[in-house]
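One structure below.
Fair warning: this is a prediction, and the values are worked out from it, not measured in the lab.
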Amino acid sequence: MEPGDHYGFGSVLMEAGNILATAHLQRCLDTWKSLLDDNSHITLDAMFLLSSSYQSFGRDLDALPLQEEVLAKRRELLGPDHLDTLVAMHDLGMSYGEIGRAKEALSLREEVLAKRRKLLGPDHLDTLASMNSLARSYQSYGRKTEALSLREEVLAKRRRLLGPDHLDTMVAIRDLANSYMAIGKLDEALLLREETLAKYNEALGPDHLDTLRAMHNLASSYEAAGRVKEALELQEEMLIKWRKLFGPDHPDALHAMHGLANYYEHFGRVKETLALREEVFDKRTKLLGPEHRDTLDAAHNLLSSYQSLSMPEELRTLARTTLPSYEKFYGFNHGDTVWVRSLLE
């Protein structure tokens, strides 16, 4: 394949949620680097797309060095206010948020939004994307009212500008539902999530990546509403589809396994819970690294299983192994770090 073929095929695979996308995009980048100057816009575009692929599959630590390099070069070659520079800043802010560098994520997101409002106007689609991204930072800092306000504004504008059934409008509905969940408006969140799943089923089909993610969100709302049996059924259906369509190691398949283990625990299916949690932790450690937020979430659940099942040797071994990662990601005084440390006392 020529590098352009790898680029095009990788783009299609990434859109479809196929993890083979990264291999094609890496070959494309390697080829362009061997043929062109590192500052060539073609090389930078390939680097940017590869980083986006890593990011879409939850591999933010792999995306990060590429994103930082793209941003540095775009600032140098295009200037700090060029629209392509702002796109690079936007994506880097997303990765910072995912790996726990919350302060840097917030700073970048606020800067990008201010510049896009000035350069593009308050109703431009890129401005709305920045508002949505900043809302995620506000949410992570507990600034729930500010996050909610931004998300309500984004949804209203996308409905007006794009229509009620546009995919970006559906994303805004999904994110607003997340804000409603965070402030305890569970009924409102449930209604929005049912609407989102119905729209994704109609627009994209029952097996699309976004449809399956909408199923996961709806299962969470069912659980919060006490409709645990319906939540379990959705999670089991979703996991079968993830494994069949995208493979057992896809980040969202692992996310579905993570959620399904919680439901099994609710129903007292302790052996199935433990098996799923051990598998999720092992695969996330291998795929994402020991310090990724999702790996630490998996470690937390597995530690809880070992504790409840009175498995002291496994509990202490895992706590000792993961404590440095908790300290690095969350800090020494975070509640999760303190809990893991207490398991060794």
Side-chain angles (χ1 to χ4, degrees), residues 1-78 82-99 101 108 126 129 167 204-205 207-210 212-213 241-256 280 282-295:
M1 273 190 183
E2 296 295 323
D5 296 326
H6 282 299
Y7 187 96
F9 194 45
S11 301
V12 171
L13 290 174
M14 184 174 71
E15 184 68 24
N18 191 315
I19 58 176
L20 295 176
T22 54
H24 285 277
L25 295 173
Q26 183 67 64
R27 292 191 195 101
C28 172
L29 177 59
D30 292 342
T31 304
W32 285 131
K33 277 186 170 182
S34 69
L35 296 174
L36 303 170
D37 185 274
D38 282 350
N39 292 332
S40 166
H41 74 89
I42 295 176
T43 305
L44 289 179
D45 286 348
M47 191 179 299
F48 177 78
L49 189 61
L50 176 59
S51 72
S52 298
S53 176
Y54 282 141
Q55 190 176 52
S56 69
F57 296 119
R59 296 173 59 182
D60 295 279
L61 291 173
D62 293 314
L64 192 64
L66 295 171
Q67 291 171 325
E68 290 177 328
E69 183 176 353
V70 169
L71 177 55
K73 289 187 175 181
R74 284 185 174 175
R75 277 175 169 158
E76 176 188 354
L77 298 170
L78 303 174
H82 192 280
L83 296 183
D84 287 346
T85 305
L86 297 184
V87 170
M89 291 172 66
H90 178 273
D91 282 13
L92 181 57
M94 295 288 286
S95 283
Y96 281 157
E98 287 299 316
I99 65 172
R101 294 167 64 172
L108 272 180
D126 287 348
L167 292 180
L204 302 174
D207 295 337
H208 191 276
L209 187 75
D210 290 332
L212 297 179
R213 287 172 175 168
K241 288 187 174 184
W242 276 119
R243 284 173 164 164
K244 178 182 177 182
L245 296 168
F246 303 106
D249 294 342
H250 190 282
D252 285 283
L254 298 180
H255 199 52
V280 170
D282 289 343
K283 288 186 174 180
R284 283 183 171 172
T285 301
K286 179 182 177 182
L287 295 169
L288 304 176
E291 295 165 9
H292 193 280
R293 182 200 306 271
D294 290 345
T295 306

Report the distance from atom [atom1] of [X] to atom [atom2] of [Y], rounding to the nearest 0.5 Å.
| X | Y | atom1 | atom2 | result |
| --- | --- | --- | --- | --- |
| Leu49 | Leu25 | CG | CG | 4.5 Å |
| His90 | Leu108 | NE2 | CG | 10.5 Å |
| Glu69 | Leu71 | CD | CG | 11.0 Å |
| Ile99 | Asp294 | CD1 | CG | 12.5 Å |
| Asp60 | His292 | CG | NE2 | 4.5 Å |
| Lys73 | Thr85 | NZ | OG1 | 13.5 Å |

query = Does the side-chain contact (heavy atoms from CB on, under 4.5 Å) test come out yes or no for Gln26 and Leu29, once each step is laid out?
reply = CA-CA 5 Å; Gln26 183 67 64; Leu29 177 59; 4.3 Å; yes
Given side chains that start at C-beta, do those of [X] and [Y] come closer than 4.5 Å, heavy atoms only?
| X | Y | result |
| --- | --- | --- |
| Leu44 | Phe48 | no |
| Lys283 | Pro248 | yes |
| Leu288 | Arg59 | yes |
| Arg101 | Leu64 | yes |
| His255 | Arg213 | no |
| His41 | Asp45 | yes |
| Leu209 | His250 | yes |
| Leu50 | Leu66 | yes |

Looking at every non-hydrogen atom in both residues, tell me the closest pair between [X] and [Y] and how far apart they are.
| X | Y | value |
| --- | --- | --- |
| Ala63 | Ser95 | CB-OG, 4.2 Å |
| Gln55 | Asp91 | NE2-O, 3.0 Å |
| Val70 | Ala88 | CG1-CB, 4.1 Å |

ask   = Is Arg74 paired with Asp84 through a side-chain N to carboxylate O contact shorter than 4.0 Å?
value =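 Salt bridge: no.
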message = Please check: side-chain N/O of Thr31 versus main-chain N/O of Arg27, any donor-acceptor pairing under 3.5 Å?
response = yes
Side-chain (Thr22) to main-chain (Tyr54) donor-acceptor, under 3.5 angstrom =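 Looks like no, no N/O pair under 3.5 Å.
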task = Output, in order, the C-alpha distance, side-chain angles, deciding distance and verdict of side-chain contact (heavy atoms from CB on, under 4.5 Å) for Asp252 and Leu212.
result = CA-CA 9 Å; Asp252 285 283; Leu212 297 179; over 6 Å; no
ask   = Can you list the steps and then say if Met94 with Glu98 is a side-chain contact (heavy atoms from CB on, under 4.5 Å)?
value = CA-CA 6 Å; Met94 295 288 286; Glu98 287 299 316; 5.8 Å; no
task = Report the C-alpha distance between Leu167 and Leu204 in whole Å, list the side-chain angles of each, state the deciding distance to 0.1 Å, and finish with yes or no for side-chain contact (heavy atoms from CB on, under 4.5 Å).
result = CA-CA 9 Å; Leu167 292 180; Leu204 302 174; 4.0 Å; yes
Test side chain to side chain contact (heavy atoms under 4.5 Å, CB included) applied to Asp207 - qualifying residues, sequence neighbours left out = Lys241, Leu245
